[in-house]
**Q** 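Dumping the structure here so I can ask a few things about it.
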Amino acid sequence: MQKTKIVLATGNQGKVEEMADVLAEFGFEVIAQSEFGIESPEETGLTFVENALIKARYASQMTGLPAIADDSGLAVEALGGAPGLYSARYAGEDGNDQANRKKLLEEMANVADQDRAAKFVSCIVMLQHPTDPTPKIAIGECFGEILKEERGQNGFGYDALFFYPPKQCSFAELETAEKKKISHRAMALQSLKQQLK
């Protein structure tokens, strides 16, 4: 069976592998946009859905292939949903994971234990072509709370500060394989799978 090529609007190899597994079942061969030498467009949307659509449309336009993109982030209740869309650049344009976590800890310094609820959100969109009027949109959420200090060595981003009650540990203390099953991206991929069936 000939696989349909689909471009993934990311240069993040981890995301490519995660999505490739799921999409292979449906006859797709996932290629990262970085393999085409494509940079990401400016994310000017006001929601995760809008930003994912911007990325997918651009990748599809540049390659002529169907495209898939995800936009994800951390939404903290006590901060009105911040860092939200700006999760990756919370501490500034060149913000790195460590600087972002440090800023989050500072912002949360005086927040009481019972008010530290947060969720990771992942929005995955899939387009057949750049002007596809009916994109598939899948959203996954994972609920937890923000720790007062980092825990764990695995993961990336805010994982070391995200406490996941069902497992009684931070995302950074989970084995990668286990995190892949329960994460927000896993939930969004499950939802996309249902839509592709």
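Here the structure is a predicted model, which means the values were calculated and not measured.
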**Q** Do I139 and V49 have side chains that approach each other closer than 4.5 Å (heavy atoms only, starting at C-beta)?
**A** yes
**Q** Got a list of side-chain donor-acceptor pairs under 3.5 Å for residues 126-134, not counting sequence neighbours?
**A**
| from | atom 1 | to | atom 2 | distance (Å) |
| --- | --- | --- | --- | --- |
| H129 | ND1 | T131 | N | 3.3 |
| H129 | ND1 | T131 | OG1 | 3.2 |
| H129 | ND1 | D132 | N | 3.1 |
| D132 | OD1 | T134 | N | 2.9 |
| D132 | OD1 | T134 | OG1 | 3.4 |
| D132 | OD2 | Q128 | N | 2.9 |

**Q** Between R185 and F120, is there a side-chain heavy-atom distance shorter than 4.5 Å?
**A**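 The answer is no; the side chains never approach within 4.5 Å.
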**Q** Nearest 0.5 Å, what's the OG1-CD distance between T63 and E35?
**A**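 The OG1 atom of T63 sits 12.0 Å away from the CD atom of E35.
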**Q** If you apply the rule side chain to side chain contact (heavy atoms under 4.5 Å, CB included), what do you find for M19 with I68, and how did you get there?
**A** CA-CA 9 Å; M19 301 224 188; I68 188 165; 4.1 Å; yes
**Q** Can you name the closest pair of heavy atoms from A52 and A69 and give their distance?
**A** O-CB, 3.4 Å
**Q** What distance do T176 atom OG1 and K181 atom NZ have between them, rounded to the nearest 0.5 Å?
**A**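 The distance works out to 11.5 Å.
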**Q** Quick one: do V121 and L85 end up in the same hydrophobic cluster if we chain Ile, Leu, Val, Met, Phe, Trp and Tyr together by side-chain heavy atoms under 4.5 Å apart?
**A**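 Yes, V121 and L85 fall within the same hydrophobic cluster.
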**Q** Salt bridge check, K148 against D113: does any charged N sit closer than 4.0 Å to a carboxylate O?
**A**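 Yes, D113 and K148 are salt-bridged.
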**Q** Counting only heavy atoms not in E39, do more than 12 fall under 6.0 Å of its CD?
**A** no
**Q** Considering non-hydrogen atoms only, spot the tightest contact between A59 and A9 and give its length.
**A**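 Heavy atoms of A59 and A9 come nearest at CB-CB, 4.0 Å.
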**Q** Are the side chain of S122 and the backbone of A188 linked by a donor-acceptor contact shorter than 3.5 Å?
**A** no
**Q** Only counting residues at least two apart or in another chain, list the ones meeting side chain to side chain donor-acceptor pair (under 3.5 Å) with R101.
**A** E150
**Q** Is it the case that atom NZ in K103 sees more than 12 heavy atoms from other parts of the structure closer than 6.0 Å?
**A**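 Yes, enclosed.
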**Q** Side-chain contact test, heavy atoms from C-beta onward, threshold under 4.5 Å: evaluate it for H184 versus M187 and give yes or no.
**A**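 The answer is no, as the side chains (C-beta and beyond) never meet within the 4.5 Å cut-off.
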**Q** Would the number of heavy atoms belonging to other residues, nucleotides or ligands and lying under 6.0 Å from CD of E149 be above 12?
**A** no
**Q** For the residue pair I182 and C142, what are the closest heavy atoms and their distance?
**A**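 Scanning both residues completely, I find the closest heavy atoms to be O-SG, 3.6 Å.
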**Q** Taking the side chain as every heavy atom from C-beta outward, state whether M108 and L79 have any atom pair closer than 4.5 Å.
**A** yes
**Q** Considering only heavy atoms from C-beta outward, does the side chain of K167 approach that of L174 to under 4.5 Å?
**A**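 Yes, side chains in contact.
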**Q** How far does OG of S170 sit from CD of Q153, to the nearest 0.5 angstrom?
**A** 9.5 Å
**Q** For K55 and Q33: C-alpha separation, side-chain torsions, deciding distance, then whether side chain to side chain contact (heavy atoms under 4.5 Å, CB included) applies.
**A** CA-CA 10 Å; K55 292 191 267 196; Q33 69 177 12; over 6 Å; no
**Q** Say whether, by atom type as modelled, one donor and one acceptor occur between the side chain of D70 and the main chain of I124 under 3.5 angstrom.
**A**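 No, because the side chain of D70 does not come within donor-acceptor range (under 3.5 Å) of the backbone of I124.
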**Q** Do side-chain atoms of S87 reach the backbone of L74 as a donor and acceptor pair under 3.5 angstrom?
**A** yes
**Q** Taking side chain as C-beta onward, heavy atoms only, is P135 less than 4.5 Å from R57?
**A**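 Heavy-atom side-chain distance check fails, nothing below 4.5 Å.
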**Q** Write down the atom of L192, the atom of A138, and the distance for their closest heavy-atom approach.
**A**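 Result for this residue pair: N-CB, 3.6 Å.
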**Q** Could you measure the distance from the CG atom of D71 to the OG1 atom of T10? Nearest 0.5 Å is fine.
**A** 10.5 Å
**Q** Strictly distance-based, threshold 3.5 Å: is any side-chain N or O of R116 a donor or acceptor partner for the main-chain N or O of E145?
**A** no
**Q** If you measure from CG on L161 to CG on D97, what distance do you get to the nearest 0.5 Å?
**A**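 Taking CG in L161 and CG in D97, the distance rounds to 10.5 Å.
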**Q** Are there more than 12 heavy atoms of other residues, nucleotides or ligands under 6.0 Å from atom CD of E141?
**A** yes
**Q** Following the transitive rule for hydrophobic clusters with a side-chain heavy-atom cut-off under 4.5 Å over Ile, Leu, Val, Met, Phe, Trp and Tyr, establish whether V16 and V7 coincide in one cluster.
**A**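 In one cluster with V16: V7, no.
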**Q** When you measure from the side chain of D159 to the backbone of F171, do you find a donor-acceptor pair of N or O atoms at a distance under 3.5 Å?
**A** no
**Q** Please answer: with hydrophobic residues joined when any side-chain heavy atoms are less than 4.5 Å apart, are I54 and Y58 in the same cluster?
**A**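 No; Y58 is not reachable from I54 via cluster members.
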**Q** Is it possible for you to say whether I6 and L196 belong to one hydrophobic cluster, with membership spreading through side-chain heavy-atom contacts below 4.5 Å?
**A**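 Same hydrophobic cluster.
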**Q** So which atom in V30 and which in A20 form the shortest heavy-atom distance, rounded to 0.1 Å?
**A** CG2-CA, 3.7 Å
**Q** Mind checking whether Y164 and V76 sit in one hydrophobic cluster, side chains of I, L, V, M, F, W, Y counted as touching below 4.5 Å?
**A** yes
**Q** To the closest 0.5 Å, what do you measure between CG (L104) and CD (E107)?
**A**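 Answer rounded to 0.5 Å: 8.0 Å.
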**Q** Do you know which two heavy atoms are closest between Y158 and Y90, and how far apart they sit?
**A**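 Looks like OH-CB, 3.3 Å.
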**Q** Looking only at atom types and distance, does a side-chain atom of Q195 sit under 3.5 Å from a main-chain N or O of I137, one as donor and one as acceptor?
**A** yes
**Q** State, with a plain yes or no, whether a side-chain heavy atom of F163 is found less than 4.5 Å away from one of Q168.
**A** yes
